[in-house]
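The basis for the numbers below is simple: all heavy atoms, side chains too, and nothing from hydrogens, waters or symmetry mates. This is a predicted model, so every value here is computed, not measured. Counting starts at 1 for both ligands and their atoms, in listed order.
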Amino acid sequence: MRTPVIAGNWKLFKTIGEATGMVNELKPLVAGTSGVEIVVAPVFTALNRVAEALSGSNVSLAAQDCYWEEEGAFTGEVAPKLLVDAGCSHVIIGHSERRQYFGETDDTVNKKAKAAIAAGLTAIVCVGETLAEREADKTFTVIEAQLKGGLAGFTAAMLAQTIIAYEPVWAIGTGKTASDDQAQEVHAFIRNLLATMFGQSVADDIRILYGGSVKPDNVKGLMSQNDIDGALVGGASLKADSFAAIANFAV
Ligand code: 13P
């Protein structure tokens, strides 16, 4: 019912040459993969050349962030329509690293996601608790605030252009994956919350990805959970063979 999404967040890695080289290696490894949406998110400077390299393939392109204004005196920012112009269909919004290091808030996430959707992009909206929040039993409170703030004013039509990524901060880049049950518990909470906010059919249709130390050897277990509809992959998305193995989780 929900097509799985396997997305690679390359963070601040890869030159243009490395990025195009990677997707040229990746394409034949996933050419036969059906029933899975595959997405890669290179740095801004590589987007357009990677878009050219991906042309005609079954791999889509995402940016890692955007601004909410269309144009103007906003030095250093990139508008959603420029991401479309560069060849993107998706954009990651509110990654925990942006929240942690760059002052991203639920309010800026909300503005960015709305602007991205208005420009025709699919917004991959990230939420997740820190270790301290989990240990203080605040996981659900934190996720609820992030979703209510990040998706404030959204309509059902906007949710159709939205993917949620649950990334527990303590599992990112640490090698500590949430267990299948720990991840499923939060995914089910997110889907139930979305049902109360937007109705059951919207909640049934939305894809909720898990992120945090996803690797070829743990993806199957995660994907076997009812409410896990894909993965947002960091480290293991940087190499074509490991990312292809994750995208081919069902094979
Ligand atoms: P890792 O897969 O390296 O833990 O990163 C997860 C992530 O932050 C993806 O956005």
Check whether Met158 and Ile190 end up in the same hydrophobic cluster, where Ile, Leu, Val, Met, Phe, Trp and Tyr are linked by side-chain heavy atoms less than 4.5 Å apart. yes
I'd like to check which ligand 1 atoms, numbered from 1 as shown, lie under 4.0 Å from a non-hydrogen atom of Ser213. 1 (P), 2 (O), 4 (O)
Say whether Val233, considering both its backbone and side-chain N or O atoms, lies within less than 3.5 Å of an N or O atom on ligand 1. no
Establish, yes or no, whether a centroid distance under 6.0 Å links the rings of Tyr67 and Phe74. yes
Closest to atom 4 (O) of ligand 1 among protein heavy atoms sits Gly173 N, 2.6 Å
For atom 2 (O) of ligand 1, find the nearest protein heavy atom and state the residue, atom name and distance (0.1 Å precision). Gly234 N, 2.9 Å
For Ile172, is at least one N or O under 3.5 Å away from an N or O on ligand 1? no
Under 4.0 Å from a heavy atom of Ala171: which atoms of ligand 1 are those, numbered in the order shown and with their elements? 4 (O)
Electrostatic pair Lys81:Glu70 at N-O distance under 4.0 angstrom: yes
Indicate yes or no: does Lys111 engage Asp107 in a salt bridge with an N to O separation below 4.0 Å. yes
Give the cluster check for Ile6 versus Leu54: same hydrophobic cluster or not, with ILVMFWY residues linked at side-chain heavy-atom distances below 4.5 Å. yes
Under 4.0 Å, heavy-atom basis, I'd like to know which part of Ala165 is in contact with ligand 1: side chain, backbone, both or neither. neither
Contact summary for Cys66 and Leu83, nearest pair of heavy atoms: CB-CD1, 3.6 Å
Relative to atom 5 (O) of ligand 1, which among Glu167, Glu97, Lys11 owns the nearest non-hydrogen atom? Lys11
Is there a side chain to side chain donor-acceptor pair (under 3.5 Å) between Tyr210 and Gln182? Walk through the geometry before answering. CA-CA 11 Å; Tyr210 169 78; Gln182 271 176 325; over 6 Å; no
Would you mind checking which non-hydrogen protein atom is closest to atom 3 (O) of ligand 1, with the distance to 0.1 Å? Gly235 N, 2.8 Å
Side-chain heavy atoms nearer than 4.5 Å, only ILVMFWY residues, links allowed to pass through others: does that put Val91 and Trp68 together? no
Does Leu232 approach ligand 1 within less than 4.0 angstrom via side chain, backbone, both or neither, non-hydrogen atoms only? both
Residue-ligand contact Cys126/ligand 1, heavy atom below 4.0 Å: no
Under-4.0 Å salt bridge between Asp65 and Arg98: yes
Distance filter under 4.0 Å to Gly212 heavy atoms, resulting ligand 1 atoms: 4 (O), 6 (C)
Does even one non-hydrogen atom of Ala236 get within less than 4.0 Å of ligand 1? no
Pick whichever of Gln64, His95, Lys215 has a heavy atom sitting closest to atom 8 (O) of ligand 1. His95
